[in-house]
Every structure is written in structure tokens, then in C-alpha cells.
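Please read all numbers here as calculations on a predicted model, not as lab measurements.
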Amino acid sequence: MRFDQHTLVLLVRPPDAPELSPAEADALQDAHLAFRADLRDQGYLVGGGPLVDQDDETLRGISVMSVDPARARELCSADPAVRAGRLAVQVMTWMVPAGNIHFEPVPAPRSMAEASADD
């Protein structure tokens, strides 16, 4: 059997994440979303988003990247939320039967206001 390999990046809240005021947290979240949308626009990020209803609340989001794990780590380490210490990255290779997973190019929100806007 043939397998496709995808690079996964888990965004994790570290135990020593700095506390931020609501205004600081909102600004950082918007910077994070804009950064992720830029990665998508550049073709590095093929899918991703926040995690909800997870058993481990430190797991905050997941990304499927179009690059090898080393490049994914490099790219995701430049995320403003990672640089601020609010998130950390865990990078891995995900193997699935060839042709099993397909991603469509869709726009990504660049801010919380855009993410919560009604259609």
C-alpha cells in the first residue's frame, strides 16, 4: 500500500504561557489569525483551525502543512502567538493511505471579527 505524508503542527498552550489582558489577548489572536491566513495564501498551510471539545485543553489548534517538518517548525515558530509564548508547536508526520485526504483552497479569517462574521 502507498501512503501520502502530511506534516501536522499541533498548537499547544505551554504551562508557563504569559497572562495577557483581554485587549492584549485579542490583539495577539488577530495577529495569529492574520499570520495563519498569510501561510495559507502562500501555500504553506493547506488546512487547520482551533480544537474544541478536546480532552486535553492545552491542545489549542491543528495545522496541515504542505512542507516538510523542519520547514513547518521554522514557519510556525514565527507565529506571533508562538513568539509571545502563548502557544508552542509540536510537529509530526501523518501518514494516510494514498489519495485518502484532499484539501480545497478556501479563505482563512484574518481576525476574530472576520471569523465571527455572519454569512
Side-chain angles (χ1 to χ4, degrees):
M1 178 175 273
R2 291 183 315 110
F3 288 88
D4 291 332
Q5 295 184 19
H6 302 280
T7 301
L8 293 184
V9 177
L10 296 179
L11 297 173
V12 180
R13 177 71 42 89
D16 60 346
E19 291 297 322
L20 302 176
S21 71
E24 290 170 326
D26 289 347
L28 186 58
Q29 183 65 14
D30 282 351
H32 164 73
L33 289 175
F35 179 83
R36 309 303 287 178
D38 287 344
L39 289 179
R40 182 181 293 270
D41 291 348
Q42 295 166 25
Y44 298 124
L45 175 64
V46 296
L51 296 170
V52 296
D53 300 328
Q54 67 275 34
D55 290 335
D56 181 350
E57 285 294 320
T58 65
L59 297 174
R60 306 307 301 158
I62 189 168
S63 300
V64 181
M65 308 290 291
S66 65
V67 295
D68 65 72
R71 180 71 172 135
R73 184 181 311 284
E74 178 185 342
L75 289 167
C76 292
S77 292
D79 184 320
V82 174
R83 288 194 341 251
R86 289 285 284 181
L87 295 174
V89 297
Q90 295 180 0
V91 181
M92 61 211 67
T93 300
W94 179 35
M95 296 178 63
V96 297
N100 183 239
I101 303 291
H102 298 278
F103 296 93
E104 298 293 328
V106 296
R110 297 185 167 279
S111 67
M112 287 302 296
E114 191 175 312
S116 63
D118 291 335
D119 292 55

**Student:** Heavy atoms, side chains only, cut-off 4.5 Å: are Val89 and Val82 in contact?
**Tutor:**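 Counting from C-beta outward, Val89 and Val82 do come under 4.5 Å.
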**Student:** To the nearest 0.5 Å, tell me how far Gln90 CD sits from Met92 CE.
**Tutor:**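 One gets 5.5 Å once the value is rounded to the nearest 0.5 Å.
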**Student:** Is there side-chain contact between Arg86 and Pro18, with at least one heavy-atom pair below 4.5 Å?
**Tutor:**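 Yes, at least one pair of side-chain atoms sits under 4.5 Å.
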**Student:** For the pair Gln54 (side chain) and Leu59 (backbone), establish whether a donor and an acceptor sit closer than 3.5 Å, ignoring hydrogens and angles.
**Tutor:**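 Side chain of Gln54 to backbone of Leu59: a pair is present.
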**Student:** Could you tell me if the side chain of Arg110 sits less than 4.5 Å from the side chain of Asp38, heavy atoms only?
**Tutor:**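 They are in contact (side-chain heavy atoms under 4.5 Å apart), so the answer is yes.
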**Student:** Hey, could you give me the SG/CG distance between Cys76 and Leu39, rounded to the nearest 0.5 Å?
**Tutor:**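 Those atoms lie 6.0 Å apart.
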**Student:** Compare every heavy atom of Arg40 with every heavy atom of Ala108, then report the nearest pair and how far apart it is.
**Tutor:**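 In terms of heavy atoms, the two residues are closest at CB-NE, 3.5 Å.
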**Student:** Below 4.5 Å, heavy atoms only, C-beta onward: do Trp94 and Thr7 meet side chain to side chain?
**Tutor:**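 Trp94 does not reach Thr7 side chain to side chain.
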**Student:** Salt bridge (charged side-chain N to carboxylate O under 4.0 Å, His left out): which pairs involve residues 18-34, sequence neighbours left out?
**Tutor:**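 Sorted result for residues 18-34: empty, none.
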**Student:** Without swapping roles, check the side chain of Thr58 against the backbone of Val12 for a donor-acceptor pair under 3.5 Å.
**Tutor:**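 It does not hold such a pair.
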**Student:** Using the side chain to side chain contact (heavy atoms under 4.5 Å, CB included) rule, take Ile101 and Asp4 through it: C-alpha gap first, then chi angles, then the decisive distance, then the call.
**Tutor:** CA-CA 9 Å; Ile101 303 291; Asp4 291 332; over 6 Å; no
**Student:** Please examine the side chains of Met1 and Pro97, heavy atoms only from C-beta on, and report whether any two atoms are closer than 4.5 Å.
**Tutor:**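 Yes; the side chains approach each other to less than 4.5 Å.
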**Student:** Could you tell me whether a side-chain N or O of Asp79 sits under 3.5 Å from a main-chain N or O of His32, the two making a donor and an acceptor?
**Tutor:**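 Between the backbone of His32 and the side chain of Asp79 there is no qualifying donor-acceptor contact (under 3.5 Å).
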**Student:** Does Val96 share a hydrophobic cluster with Val46, counting links as ILVMFWY side-chain heavy atoms below 4.5 Å and allowing steps through other members?
**Tutor:**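 Looking at the clustering, Val46 is in the same group as Val96.
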**Student:** So Pro80 and Leu28, do their side chains get closer than 4.5 Å, heavy atoms only?
**Tutor:**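 Of all side-chain heavy-atom pairs linking Pro80 with Leu28, at least one is under 4.5 Å.
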**Student:** What I'd like to find out is whether the side chain of Leu45 reaches to under 4.5 Å of the side chain of Met65, using heavy atoms alone.
**Tutor:**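 Touching, per the 4.5 Å side-chain cut-off.
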**Student:** Rounded to the nearest 0.5 Å, what separation is found between the CE atom of Met95 and the CD atom of Gln5?
**Tutor:**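 Here the interatomic distance stands at 5.0 Å.
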**Student:** Consider only side-chain heavy atoms of I, L, V, M, F, W and Y, link residues closer than 4.5 Å, and tell whether Val91 and Leu11 are in one cluster.
**Tutor:**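 Yes, because Val91 and Leu11 connect within a single hydrophobic cluster, where side-chain heavy atoms sit under 4.5 Å apart.
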**Student:** If I take atom CD from residue Gln29 and atom CG from residue Leu87, how far apart are they, to the nearest 0.5 angstrom?
**Tutor:**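 Gln29 atom CD to Leu87 atom CG measures 8.0 Å (nearest 0.5 Å).
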**Student:** Taking Arg60 for the side chain and Glu57 for the main chain, is one N or O donor matched with an acceptor at less than 3.5 Å?
**Tutor:**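 Yes, because the side chain of Arg60 sits within donor-acceptor range (under 3.5 Å) of the backbone of Glu57.
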**Student:** Looking at every non-hydrogen atom in both residues, tell me the closest pair between Gly43 and Ser66 and how far apart they are.
**Tutor:**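 Smallest heavy-atom distance, with atoms named: O-OG, 2.6 Å.
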**Student:** Quick one: closest heavy-atom pair of Ser111 and Leu33, and the distance?
**Tutor:**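 Shortest heavy-atom contact: C-CD1, 3.4 Å.
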**Student:** Atom CG of Leu8 and atom OG of Ser63: how far apart are they, to the nearest 0.5 Å?
**Tutor:**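 With rounding to 0.5 Å, CG (Leu8) is 9.0 Å from OG (Ser63).
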**Student:** Quick one: does Leu75's side chain get under 4.5 Å of Val67's, heavy atoms only?
**Tutor:**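 Yes, at least one pair of side-chain atoms sits under 4.5 Å.
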